[in-house]
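Just so we're clear, the structure is a prediction, and the values are computed from it rather than from any experiment. Numbering starts at 1 and runs along the sequence shown.
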Amino acid sequence: MVKLTEVEDEHFSEKPTATKHDALLVSDDEDDYSDTVSLRAYRCPERYRSPSARRTVSDSISSVTSLTKATFSFSGKALWVISTSAFLLGVPFALAYAEEEQYIQMEREQGMIKGANEMLTPGVESEKEAQPTL
């Protein structure tokens with residue numbers, strides 16, 4: 001059977017003392033430790049410690065993010081308009097164009113058949129020429 005024992009951290013067992021105008025959260029020492037990880041490696045550089053510098057960095061990141069979102073949003077909407085317009089206008093036009101090309105091809109084939117028949121029977125007049133005019 002496993003027996004668990006509670007081990008208290010020294011940092012948490014000490015009572016905080018009031019410093020600098022009775023503020024309990026202000027710390028003068030540079031050795032701030034949490035349970036196991038030293039925060040010294042994760043501290044911001046000196047130039048980012050001031051609120052105005054943090055605000056400037058935050059505002060610039062926020063503006064870049066909003067510009068990127070707006071660009072992607074506009075691009076998506078424009079792509080939607082272009083693609084639906086192409087389907088609504090382009091597909092019927094392509095079908096009509098293909099049908100017109102089919103009619104032109106049929107006329108060419110009929111003309112070739114008529115020309116071949118005239119070559120095979122040169123002495124026979126065509127039906128239009130043989131009909132008397134009134």
Side-chain angles (χ1 to χ4, degrees):
M1 180 170 204
V2 177
K3 184 177 181 182
L4 298 175
T5 59
E6 182 179 355
V7 178
E8 290 188 23
D9 192 3
E10 295 173 3
H11 186 334
F12 293 116
S13 64
E14 296 176 4
K15 294 195 177 198
T17 58
T19 59
K20 286 191 180 178
H21 310 292
D22 293 332
L24 295 176
L25 298 177
V26 176
S27 176
D28 288 334
D29 61 349
E30 291 294 323
D31 296 331
D32 287 336
Y33 292 100
S34 66
D35 290 340
T36 57
V37 179
S38 172
L39 296 176
R40 191 175 290 173
Y42 297 109
R43 290 183 186 262
C44 294
E46 290 293 325
R47 64 177 181 226
Y48 294 127
R49 286 190 183 179
S50 70
S52 63
R54 287 193 305 257
R55 189 177 311 112
T56 303
V57 171
S58 175
D59 289 343
S60 63
I61 290 173
S62 176
S63 64
V64 168
T65 303
S66 65
L67 180 66
T68 304
K69 285 181 183 178
T71 302
F72 280 125
S73 175
F74 177 76
S75 299
K77 290 177 183 178
L79 184 63
W80 175 257
V81 168
I82 291 170
S83 63
T84 54
S85 297
F87 282 128
L88 292 176
L89 300 175
V91 171
F93 175 76
L95 291 174
Y97 183 76
E99 187 177 352
E100 184 67 27
E101 288 294 318
Q102 193 174 20
Y103 285 136
I104 291 171
Q105 186 66 26
M106 282 181 15
E107 287 177 0
R108 285 184 189 156
E109 289 175 2
Q110 288 176 357
M112 291 173 67
I113 290 172
K114 185 177 180 183
N117 285 340
E118 288 179 2
M119 291 179 90
L120 291 175
T121 56
V124 179
E125 296 179 10
S126 65
E127 293 179 14
K128 289 183 182 178
E129 294 175 5
Q131 293 177 356
T133 56
L134 295 173

Notebook entry, point to check: Rounded to the nearest 0.5 Å, how far apart are OG of Ser75 and CG of Leu79?
Noted result: 8.5 Å

Next item on the list: Would you check if the side chain of Ser62 reaches a backbone N or O of Ser58 as a donor-acceptor pair within less than 3.5 Å?
Entry: no

Next item on the list: Report yes or no: do Val91 and Ile82 belong to one cluster of Ile/Leu/Val/Met/Phe/Trp/Tyr joined by side chain heavy-atom distances under 4.5 Å?
Entry: no

Item checked: Atom of Ser63, atom of Ser60 and distance for their closest heavy-atom approach -> OG-O, 2.8 Å

Next item on the list: State, with a plain yes or no, whether a side-chain heavy atom of Glu101 is found less than 4.5 Å away from one of Gln105.
Entry: no

Check: So which of Thr71, Leu67, Thr65 actually passes side-chain contact (heavy atoms from CB on, under 4.5 Å) with Lys69?
Finding: Thr65

